[in-house]
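First the structure, in the form of structure tokens, and then the observations on it.
Side chains included, hydrogens not; waters and symmetry mates left out as well; all remaining heavy atoms used. Just so you know, these numbers come straight off a predicted model, no measurement behind them.
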Amino acid sequence: MPEGHTIHRSADELNARFAGKVIQASSPQSRFDAGADAITGARLKQAQAVGKHLLVTLTRQRKLTTLHVHLGLYGAWSYLDLKVLGEVPSPVGQVRLRIQTHAAVADLRGPTACELLDPEQVQALLHRLGPDPIAAGSDESKAWNVISTSNSPISVLLMRQDVIAGVGNVYRAEVLFRFGINPMTPGRLIGRDVWLAMWADLVMLMNQGVRSGQIDTVASEHLPEAMGRSPRIDRHGGEVYVYRRENMPCLVCSTPIAKAGLASRNVFWCPTCQR
DNA sequence: GGAAGATGACAAG
DNA sequence: TTGTCCTCTTCCC
């Protein structure tokens, strides 16, 4: 499931299979019939991730269209290699969009957004997103301008896509732990140096997530094995300090990890390490 | 078999 | 802050 690193991987996967190819599209679920018809026969130029948004540019008869996909909480892409399978399998479950060539199939399930945008709408979307730590050359100062003047908790600011694009509930919980910052700390109390270090940490962690496909944030000296405990892989597939570890001992100080609802999302932190 | 919950975001009040 | 939407998995009976 999707934070920014997942979407960047989706873009890479789609480019590897479909970039430069003429595609067929369909909506087995019938909820994107018109859109699928509109892009069938188009050439897929490029898939690009911006924060949690996926933008796929397609051309047909020299006309440019952009497919915009946002996975939301539980949307997902799955891929099938037709050279291995031999024939095109029927869609399983609720497939909103199927993209296909003679060689490959990509199925999209459960997205919050699956729509076609014109260039003005694409610009409007990009305009309302903050800097993406995964995109090379992103300007962190746009995020700092908001954070340094805001009374909102830093944990809320980190989730705002107009402040930083691509950070979700896991990365925010983990980066705050790594810097010993309490989630309720107002943004304006975060120092410039601390912010720059946090940004650099997000750049490192999220790029690592793009490469590995999972979120690992625990320093090697704090891994359970290094602490004499049995290895534990979290349900989401990576190794984390606090995310979804409520009531479990902190990997650093053994204090039970706390959990609270904030702005309708769960926040996790160590009450001792993050005073 | 059914409820609850999940790495998200939006609108309404 | 609450309600709503989207789909699948996990957990409990």
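- Distance CD (A:Q29) to P (C:dC5): 15 Å, rounded to an integer number of Å.
- A:S155 pairs in a side-chain contact (heavy atoms from CB on, under 4.5 Å) with only one of the listed residues (A:T185, A:L176, A:N182), which is A:L176.
- Separation of the P atoms belonging to C:dC5 and B:dG13 is 15 Å when rounded to the nearest angstrom.
- Considering only side-chain N and O atoms, A:H70 lies under 4.0 angstrom from the phosphate OP1 or OP2 of B:dA9.
- In this structure, CD in A:Q46 is found 12.0 Å from OG1 in A:T59, a value given to the nearest 0.5 Å.
- Between the side chain of A:E3 and the backbone N or O of A:N169, at least one donor-acceptor pair lies under 3.5 Å.
- B:dA4 and C:dT4: their P atoms are spaced 15 Å apart (whole Å).
- At whole-Å resolution of the value, CG in A:L158 and P in B:dT7 are 15 Å apart.
- Evaluation of the side-chain hydrogen bond (donor to acceptor under 3.5 Å, both in side chains) rule for A:E246 yields no partner, not counting sequence neighbours.
- Heavy atoms of A:R160 sit nowhere under 4.0 angstrom from any nucleic acid atom.
- Looking at A:L67 and A:F32, their side chains come closer than 4.5 Å, going by heavy atoms from C-beta outward.
- Across the protein-nucleic acid pair, A:N169 atom CG and B:dT7 atom P stand 5 Å apart, rounded to whole Å.
- At a non-hydrogen distance threshold of 4.0 Å, A:R265 from residues 257-265 of chain A come into contact with DNA chain B.
- For the ring-ring contact (aromatic ring centres under 6.0 Å, His included) with A:Y243, the lone residue among A:F177, A:F268, A:Y171 that qualifies is A:F268.
- A straight line from CE of A:M159 to P of C:dT1 spans 14 Å, rounded to a whole angstrom.
- Residue pairs that meet the salt bridge (Lys or Arg N to Asp or Glu O under 4.0 Å) test with at least one member in residues 181-197 of chain A, sequence neighbours left out, are A:E140-A:R192.
- A straight line from CG of A:L71 to P of B:dC10 spans 14 Å, rounded to a whole angstrom.
- Across the protein-nucleic acid pair, A:R109 atom CZ and C:dT9 atom C1' stand 14 Å apart, rounded to whole Å.
- Going from atom CD1 of A:I164 over to atom P of B:dG8 covers 13 Å, rounded to whole Å.
- Between A:K52 and B:dT7 there is no side-chain polar atom (N or O) within less than 4.0 angstrom of OP1 or OP2.
- Among B:dC10, C:dT7, B:dA9, the nucleotide with an atom closest to any side-chain atom of A:R128 is B:dC10.
- For B:dA6, the OP1/OP2 oxygens have a side-chain nitrogen or oxygen of A:N266 closer than 4.0 Å.
- Salt bridge absent: A:D81 and A:K83 never bring a charged side-chain N and a carboxylate O closer than 4.0 Å.
- If you check C:dC8, B:dA9, C:dC6 against the side chain of A:Q94, the one that comes closest is C:dC8.
- Checking the phosphate oxygens (OP1, OP2) of B:dT7, no side-chain nitrogen or oxygen of A:Y74 falls inside 4.0 Å.
- Distances shorter than 4.0 Å separate some side-chain N or O of A:R96 from OP1 or OP2 on C:dT7.
- B:dG8 atom C1' lies 10 Å from atom CD of A:E3, rounded to whole Å.
- When the C1' atom is used for both B:dT7 and C:dT1, the distance is 22 Å, rounded to whole Å.
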